[in-house]
Every structure is written in structure tokens, then in C-alpha cells.
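Below you'll find the structure, written out as C-alpha cells, and then a few comments.
In this chain, residues are counted from 1 in sequence order. Nothing here was measured: the structure is a model prediction, and the numbers come from that model.
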Amino acid sequence: MPTITIFSRAWYEASIGEFLAADRESVLGKLAANCDCDLIPNQRDAWLAQIDILRGQLAGINGAVFFEFSIPRMGRRVDVVLLIGPVVFSLEFKVGEREFQSSAIEQVWDYALDLKNFHEASHEVSIAPILIATEAHATASPRFEADSDKVFRPVMINRDGLRRALNACLETVSGSAINAQIWEKASYRPTPTIVEAARALYARHSVEAIARFDAGAKNLGVTSRRIEELVDEARARKQKTICFVTGVPGAGKTLVGLNVATQRREAGQPTHAVFLSGNGPLVAVLREALTRDEFARRKLKGEKVRKGAIGESVKAFIQNVHHFRDDGLIDPGPPAEHVVIFDEAQRAWNLRQTESFMHRKKKRPDFGMSEPEFLISYMDRHQDWAVIVCLVGGGQEINTGEAGIEAWLNALHKRFGNWQVFVSSRLTDSEYAAGGALGLLRGGGSSFFDDSLHLSVSMRSFRAENVSAFVKALLDGEQQNARECFSQLANRYPIVLTRDLVAAKDWIRARARGSERFGLVASSKAMRLKPHAIDIRVSVDPVHYFLSERHDTRSSYYLEDVATEFQVQGLELDWACVTWDADFRFNGSGWTFHDFRGDRWCNIMNQDNRVFLRNAYRVLLTRARQGMVIFIPAGDLNDPTRPPAFYDVTFNYLKGLGIPEITQA
């Protein structure tokens, strides 16, 4: 087997004694040698200031010191980590600063939470985040307060307060000293949100670095490298290739696609790639997140850039699949890109849906192709080579008009025999619904099954591994199974129930730490939450909802705007307040489905629409990474559209599963 090199997460590491014995220039030299970017004078000066402060404050202390310790999920580095006794100290320096900015407090808190949640050797130890604004006025004696998971609330000090802060914290914690070698080499298993992942990849971090650090994790790296090989082979041999990537739920299919696209995003590259998705809110949020991040990064380097110009380049990198398709209707030539990645490829439209759309919207009554067939034909216009990467989700309900993966395979068999087809060996599994089309391809000499195109290791949310099973049992009415699932997750993933919206908001605010995002969500059919100032008819901009800061009234943090399943699908919150209306009611033995029309609720009789409503609540109940509160109104005897009977049975059903009720203090 090939040898796997394990790189240090820090750019400098040593025992505190070794660090104090070394001269400042040798420490700086190691930092500069390991730096993965251009070293600018401001960074050099900051490192020297940090070195001098630590040398003056750590004399006589035993432990270990790490400079620029990698936080993979965030694509960033902690300035300094100290291991002293039983405590991990996470230090963030703001050299030259006189004030403690709220963003800096969130930053150092986020680092501590990231270590706690994703670094295996930090799960059970105390972690103390300390923010050092070097020129701040002297502060009172630091007060260390830990939450139940042993993460302390951030402490703010100036350059002279570090020793006093370390001693104050160590006085509150008992236990064995942390072994620095074991701690540093422990596995790091982050689960980035899609926004975090996109930001880190766009900043040129590798997919392995932001996803998994341990040598045994072959999940994303193997699949990403295989796709890179197929792209390079297609170009070198002037052939056309399509590959189908599968994966277990939460394995990171979208992450792999984003990685390929970011590595080949420059328009001048011969292998220029584009990431395509039909999820409009996801595209909008990712575009804006990448634009803001790149703009801030380049401004920090002293570059004169316009946000609009950066936004245009980002738009070219991640596009709405329907806009890409429409370009192919207008221009008879091939697209600019030789490599396209289709996210959720099984959701492309079937022949009937595509023909209907083309007839109604594009005035093309005789279109005659499914969306997969047209998209392949568009890429087939390239005279030399092309690559299509299809990211395929399995085990999902297929909405009306969505073709499934079989339409792609049928199109390849019917019209595109000249294409090389590389298929995940797991595409044969029943949940991918490839059907008999796979059999048609097996006989050809240009089809290959490839184990490396399957993502076998789940990257699902660190606390939510059992949440999907609990939600499934809840929605399926499997009460005993739901109770068992809830009992297994309740300690790590809190879920509570309330009839009081104020109590719900207080609960969610009290639990969010650092920059953890929280927000209100509701079904798109929840029309009678308006008495609680929740109106799903008010248009919510997903960009502001998911990206804007706490002071922005349009952000999710304000707990005023509510997002529906259409705005949150594919995106995540850390903490969610699920507001439950009378559209989806438990009746004691099963669910009833309702649509509000005029002045009354009407039964939904169409089976597909019932599935859509059930799935809407599935989406809402699985948006939170860390926990949720479910608000079910008490109803109003004086309002015929909101009698308590519409809500009480559902509330009692959920409470009977073991979900605890909270009330306003």
C-alpha cells in the first residue's frame, strides 16, 4: 500500500520550554517556511508581536504551543493553541487593536466550538477561547464560565493579561494534563455547511483539508482525484466522457462537484468547468457568499477590486442549470465550458415536463427531448472533447416531472454511443432507480463501472446522524421507533416543544454560540400563523436570511422573517425554530393534509401533493445541525380557522414521543 504522509496542522509546534529557548527569528522562520500564501509585512509583524507576548507570559509553564493551527471546516487557522494541564487554550490576537469587536469575539468562540465538535481529542476536554486586543485598556480579572460541554465563554484581555487569564482558568479545571503528541495527531472530522465548504474551496483549500484530516478518510479525496483523472484523460485523448457519482446520504456529493469546479474555474483554462444546480436559493446564496469572501480576502491583501467584478466571475463558476440550458436554445454552438457538473442530476426534467415547458415558455411545440437528452446534446456540440459529471442522489421522492437517472442513461444509449460512460458501481442499488437502462449500457464497450465514483463515508452533520431516522419514524407514525430514536439523540441534539413563540425564540437564542446561525422555518402552506406575525406570503431573500449579520433585520438571526422549504432546501441552520401549522395534522392514527383556500382549510386529495407536503415537513425538521424547537400554536376557540382541535392532537403526538415541553419563564 502507498505510504500516506500526515502533515502537521500547525505551521509551528513545540513544547513551551522549546519555544522559550528558541530565538524569535527561528520561530518566525519556521512560520514563514510553512506559510501557504505570500507573506506580507503585516503578517510578519503580527507573528513577531505574538511571539514576544507569549515569550513574556509563559515562563515557568509546562505545556505545548501551536502557531497557525488549522481549522479545516472553516478554512482558517487559530493564531495560537496552548495545551496547559487539562485545558486547551485557543488564542486569537488582534495586534494593534484597542477594542474587542463583536466579530472577533464570535471568531475566537467559533474556533473553540470547532475544536470541541470535530477534533476527536478535544471532545472531552475543557477549551478556553481568549481574545487578545493588544492595545486595549486593562480589564478586570477574567471570569471563566463554561457551558455543559466544557467550552468556556470567550475572555477578552490585553497584551499584559494572558498569564493572569491562564492561571484563572486553570484554577477552575481539574484533571490530567493533555498529551500534546496524541492531541495534535488526533483525527479531525469536520462537517462543513455547504456555504463553508464553498468558501474554503473557492479560496483554494483542498477538499481533503476542509472535510477530513485523518489518513483513513478516503471518501472525498479518492472520488475527487478520479474525476480529475477522467477530465485530464478526456482532454488528452479528445474523447467525450460522462460519469455518475453516487453516495450515501450526507457523503458530500455536492462538495465533490464544487471541488472540481473550483479547481478549474478560470475561464482561460482549457479544462474550464462550471457547477450547475436547479436549486435557485442555493445558487443565490453560494454566489453571494463566495463574492463577499473573495472581496474581503483580496481587500486584505491590499488589492483594489470591485465587488461587482468579482461577482461576475463567481456567476460564471456556479450557474442555474435552467439558464445554462436556455443558452443552448439560443446559441447553436457549444457552451464555453468543456466540463460541467450537474448537481442532483436525477432531478432533471423528463420528456413530458420538458416538452410542456418548451411549448408554453419557449414557443417550441415540437421539442422532442427530455432535459438530460438536451443537456448531453448541448455538450456534444464540442468537436473535440467534453466531460459531464452527474451527482446522483438516491432514496429521494421524485417530484412531478423529474426524470430520475434512467433518462440520462436512456439518452446515452439512444443517441450518444460515442461517449465514454463511467458509472458508480453502486448505481445498481435500488434507491437510484436506474432501472433497465443500466442493462442497455452493460453490453457496450464504452461503459465502465468504477468503485471510486461512490462516496461511502457519511459526512452528515456531527450531531444529526440519527435525526433523519427520528424524523422518518415521526412522519411514518412509527411511534415506538420514533421514541427509541429520540432517546438516542436527545442528549446530543436537543429538541423541545412549545405552544409559546416567545419561549421558542428565547430558547433558540440562549443556545446559539459564536456565529451559530438560527432562524424561523415554516411550511409554504402554513397560512394561519399570521396571528403570530409569521406570514409565509412575505417574500424572503435567502441571501440575506442565510448570510446577513445579526444587526440586519432581514437575517435569520432577527427571528422575524420565516423561510419555507423552498428557501431552505439544500442549506442549513445551526438551530431552527420549526413553526407548525394546521396544514399537516396528526389525527391519532395518521396524518391529514390541508390547503387553506379563501376562508377555510380544504383537504388535499391528490396523492402527489400529499407527498410534497409531508416532504416539506421532512425538509423543515432536518434543517438544523445542532438542535431545534418546535412551535405548535394553542389555537383560538374564537377563530374557526384556528380551533385548538386543529393543533392539540399533533402537539400531544409529538410530546408522546418524548419531546419535552418548555414554557415561558
Side-chain angles (χ1 to χ4, degrees), residues 1-2 4-5 72-73 75 187-194 196-198 200-202 204-235 241-265 271 273-277 317-318 338-346 386-396 405 408-409 419-429 431-432 434 438 447-461 570:
M1 293 181 63
I4 298 175
T5 302
R73 184 176 72 99
S187 295
Y188 208 117
R189 302 174 182 270
T191 57
T193 68
I194 189 63
E196 289 168 337
L201 289 170
Y202 202 75
R204 309 284 189 184
H205 295 278
S206 69
V207 68
E208 295 94 339
I210 68 165
R212 296 284 291 276
F213 201 97
D214 55 305
K218 57 185 180 180
N219 205 38
L220 298 167
V222 168
T223 303
S224 295
R225 284 190 291 274
R226 181 57 179 144
I227 295 172
E228 295 283 349
E229 290 171 1
L230 291 174
V231 172
D232 291 337
E233 288 175 8
R235 183 187 174 217
T241 296
I242 185 170
C243 61
F244 295 90
V245 177
T246 59
V248 299
K253 296 180 290 295
T254 299
L255 190 55
V256 165
L258 286 169
N259 182 58
V260 174
T262 50
Q263 296 300 316
R264 301 171 182 273
R265 72 172 186 256
T271 55
V274 63
F275 180 88
L276 301 173
S277 173
F317 151 68
I318 179 167
H338 280 262
V339 182
V340 295
I341 300 101
F342 291 107
D343 193 28
E344 299 287 357
Q346 78 281 356
V387 174
I388 297 174
V389 180
C390 291
L391 308 175
V392 185
Q396 300 178 24
I405 208 61
W408 291 88
L409 302 176
W419 280 65
Q420 298 277 322
V421 183
F422 291 84
V423 180
S424 161
S425 55
R426 300 295 292 274
L427 200 64
T428 56
D429 292 359
E431 67 261 34
Y432 297 107
L438 268 179
S447 300
F448 309 92
F449 285 82
D450 193 328
D451 289 343
S452 61
L453 295 178
H454 179 70
L455 295 165
S456 59
V457 181
S458 177
M459 297 283 295
R460 188 171 294 282
S461 177

For F422 and L453: C-alpha separation, side-chain torsions, deciding distance, then whether side-chain contact (heavy atoms from CB on, under 4.5 Å) applies. CA-CA 8 Å; F422 291 84; L453 295 178; 3.9 Å; yes
Please determine whether side-chain contact (heavy atoms from CB on, under 4.5 Å) holds for the pair I227 and V256, giving the CA-CA distance in whole Å, both sets of side-chain angles, and the decisive distance to 0.1 Å. CA-CA 9 Å; I227 295 172; V256 165; 3.5 Å; yes
Check the pair V340, F275 against side-chain contact (heavy atoms from CB on, under 4.5 Å), reporting the backbone distance first and the verdict last. CA-CA 6 Å; V340 295; F275 180 88; over 6 Å; no
Should F342 and I388 be marked as a side-chain contact (heavy atoms from CB on, under 4.5 Å) after you check the CA-CA gap, both sets of side-chain angles, and the distance that decides it? CA-CA 7 Å; F342 291 107; I388 297 174; 3.5 Å; yes
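For the side chain to side chain contact (heavy atoms under 4.5 Å, CB included) test with V245, the passing option among D450, I341, V389 is V389; the others fail.
With salt bridges taken as basic N to acidic carboxylate O contacts below 4.0 Å, none links R225 and E228.
The minimum heavy-atom distance linking A386 with A234 is given by the pair O-CB, 4.4 Å. Between K253 and L391 the shortest heavy-atom distance is O-CD1, 3.3 Å. Across all non-hydrogen atoms, the minimal contact from A273 to A261 is CB-CA, 4.1 Å.
T223 contributes a side-chain N or O that, together with a main-chain N or O of S452, makes up a donor-acceptor pair within less than 3.5 Å. The main-chain N or O of N259 is found under 3.5 Å from a side-chain atom of T262 such that the two form a donor-acceptor pair.
To the nearest 0.5 Å, atom CD1 of residue I242 and atom SG of residue C390 are 4.0 Å apart. Between L258 atom CG and I318 atom CD1 the span is 6.0 Å, to the nearest 0.5 Å. Put simply, OG1 on T241 and CD on E229 are 12.5 Å apart, with the number rounded to the nearest 0.5 Å. One distance of note links CG of L255 with OG of S224; it measures 7.0 Å at 0.5 Å rounding.
The aromatic rings of W408 and F244 sit perpendicular to each other, their planes meeting at more than 60°, with 30° as the lower class boundary.
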